Amino acid sequence: MENSVSKQNKRRDWALIARFTKGSRLSFLTALLCSALVALADMLSPQIIRAAVDNALGGLPADYPKPVMVLVSRLGGFEYLGEHIWIMALGLLIVALIRAGSQYAFRLCNTLAAEGFVKSMRDSLFSHIERLPFSWHMKHRTGDIIQRCTSDIDTVKNFISEQMSSVFRIIVLLALSIAFMLSMNPKLTAIVMIPVPVIIVMSFVFHSRIGRDFLACDENEGILSDMAQENLTGVRVVRAFGKERYERDRFEAQNKYYTGLWMKLARPLSVYWSVGDILSGVMILLSVVFGSKMCIEGTLSSGEFLAFISYSTMMVWPVRMLGRMIAEMSKAGVSLGRVAYIMSCQEERPSEKALTPPLDGDICFENVSFGYEDGAPILKNVSFTIKSGTTLGILGGTGSGKSTVALLLDKLYELAPGQGRITIGGVDIRDISTPYLRQNIGMVLQEPFLFSRSIAENIAIAEPGAGPDRIRQAAAAACLEETIEGFSRGYDTFVGERGVTLSGGQKQRVAIARVLVGSKPIMIFDDSLSAVDTETDAKIRAELEKRFGTASIVLISHRISTLSKADMIIVLDKGRIAEAGSHEQLKAAGGIYGQICRLQSGAEEGGI
Ligand SMILES: Nc1ncnc2c1ncn2[C@@H]1O[C@H](COP(=O)(O)OP(=O)(O)OP(=O)(O)O)[C@@H](O)[C@H]1O
Ligand SMILES: [Mg+2]
């Protein structure tokens, strides 16, 4: 079972590579061809030297393939070449130039292909992530997603641009060297090749063993940078609680562990490289010892001897790299799997009917029950109606499900079949086009988020076409005008790391202005006035009433004064509607609302 899943995953990963190499296949093929040409050029130089030594200078009879013999006779024959040895030197130069040209074309095509591959992969990954459901984002760590989009993609890119082509070149080089050596002397070839399988197997076993340690190093490096990043973003908490020492100790402990992992690797790595050196030395030694012996016996010519030494020296590095490359490819496989996982996650499903009805009708929650994935039920049989153009206030304890109501109305989470329905103007929101629905609902989330852009851009984020006047009006309605005019660059002031830092209340007001820029038929304010003082709260509410008499509004708050003007208020208690009615009715009923009312009016009178 597990095997078939992993097979399926492998197929999925390769399908991904095939998909993203689509536009750059020709470049890849050209790169591979050039790579093979480089390897061929590497093979030719020892052959020219061999011919120069044996046939041109040594006068030995020549027995080369026909095209070579034709070329030599066109050039005047070996005797002539021996007298004009510079022609053979020129041959070496031409081969070197061909090699350099092929190498240049290889690098160019390979880089173009790899960059094209990685660009299309990054683009698709980003747009795919943008389309993944809200619930997916809630479930996955942002740091992890970023790592998959950056360093994992880089590893895959290395695999495509370096490892794949290197393995190809190494295999071509090995095959050609063996073929050339066999054509000269099969016996000596067999002797020289003895250490090759040993080196490859050793290198492969070593790297696949040590691969796990490399992975541990990678993971621990991730933990270390996560720690640093968390400390930088949470610097206020660290300072406010005087936790610098604790955090430093934690970092130092992790750093020590991470360094220890590399130290542990130092010994096996040194052993591996030294043993590899010895085996490579043995390979060259074998060609020297047995080659010279055969030379003396007369079964090998001096030119062949020289060529053998060249080939065996040339083979040492690729042979040693092959095992390492193959092991590193498995690392790339892990990264590819991590990227492919994101790509395989289901995007938000578009609604089948994709209706676009007017959204200014009554909003009805009919027996809505909802629980987050694998969690306890959060909303239990919730039913209420927001009459068109009226305001619904929602009060309730922490975790009672208020924000969940807002998220469900915006279709950020979908209701399971049979768990009730939400309708707007009588149409089930499941049948309404999701982008259309969201465009028509202005929502101020409980935790406002501002982008590192100008204040004007932040306000106009949902309405890119909004001119300065509309932005200004929205800022005025959110009681933000004075604050913005206080900044030297006004609406062009940058927010965030490169600009001003706004207070919690100011941030909330920018988020409110963002919604007020467009005139949406439905607006949701999730605890959006919690960080503003009661006076500003009252002003903003008055503005809302004045401007948006026709919109249906959901106002979520812990503050009775914010909710008291709402046409209807529901009190949520552990996911159920405990009370519903107008402010006066609920106050008179003396239930939860009445109690909170008394507590809060007492607090206000007491000056809290
Ligand atoms: N993405 C989520 N995954 C799982 N459980 C969640 C998720 N979001 C909220 N919950 C749980 O659902 C319950 C209701 O959360 P919700 O945010 O709706 O409460 P709330 O009434 O808005 O609270 P508050 O007044 O603190 O904002 C809580 O118990 C919370 O732990
Ligand atoms: Mg909430």
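Throughout, residue positions are numbered sequentially from 1 according to the sequence presented. Keep in mind the model is a prediction, meaning the values are calculated, not measured. In each ligand, atom 1 is the first atom listed, and ligand 1 is the first ligand listed.
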Indicate whether any N or O donor in one side chain lies under 3.5 Å from an N or O acceptor in the other, for Ser383 and Asn367. yes
Quick one about Asp362 and Thr385 (side-chain donor to acceptor, distance below 3.5 Å, no hydrogens or angles considered), yes or no? no
Using a 4.0 Å heavy-atom threshold (strictly under), name the region of [X] that reaches ligand 1: side chain, backbone, both or neither.
X: His558; result: side chain
X: Phe370; result: neither
X: Ile378; result: side chain

Side chains of [X] and [Y]: closer than 4.5 Å at any heavy-atom pair?
X: Asp526; Y: Glu447; result: no
X: Arg472; Y: Tyr491; result: yes
X: Leu359; Y: Tyr436; result: yes
X: Tyr413; Y: Thr404; result: no

Give the residue, atom name and distance (to 0.1 Å) of the protein heavy atom nearest [atom].
atom: atom 15 (O) of ligand 1; answer: Thr404 OG1, 3.8 Å
atom: atom 29 (O) of ligand 1; answer: Gly399 O, 4.0 Å
atom: atom 27 (O) of ligand 1; answer: Gln446 NE2, 2.6 Å
atom: atom 10 (N) of ligand 1; answer: Tyr372 CE1, 3.3 Å
atom: atom 25 (O) of ligand 1; answer: Lys402 NZ, 2.6 Å
atom: atom 26 (O) of ligand 1; answer: Thr398 CG2, 3.1 Å
atom: atom 1 (N) of ligand 1; answer: Tyr413 OH, 3.3 Å
atom: atom 17 (O) of ligand 1; answer: Ser403 CB, 3.5 Å

If we only count N/O pairs under 3.5 Å, is Gly396 in contact with ligand 1? no
Check whether Phe487 forms a cation-pi arrangement with Arg489 (NZ or CZ under 6.0 Å from the six-membered ring centre, at most 45° off the ring normal). no
Hey, is atom 23 (O) of ligand 1 under 4.0 Å from any protein heavy atom? yes
Using protein heavy atoms only, decide if any is under 4.0 Å from atom 7 (C) of ligand 1. yes
Suppose we only count N/O/S atoms under 2.8 Å; would Gln446 qualify as near the Mg ion (ligand 2)? yes
Within the stated cut-off of 2.8 Å, is an N/O/S atom of Ser403 closer than that to the Mg ion (ligand 2)? yes
Ion pair check, [X] and [Y], cut-off under 4.0 Å:
X: Glu366; Y: Arg421; result: yes
X: Asp567; Y: Lys387; result: no
X: Glu584; Y: Lys565; result: no
X: Lys520; Y: Glu463; result: yes

Interfacing atoms of ligand 1 (cut-off 4.0 Å, heavy-atom, Ser400): 19 (O), 21 (O)
Decide whether the shortest distance between a heavy atom of Phe134 and an atom of ligand 1 is less than 4.0 Å. no
May I ask whether Gly397 places a heavy atom under 4.0 Å from ligand 1? yes
Residue among Arg438, Arg131, Lys411 satisfying salt bridge (Lys or Arg N to Asp or Glu O under 4.0 Å) with Glu348: Arg438
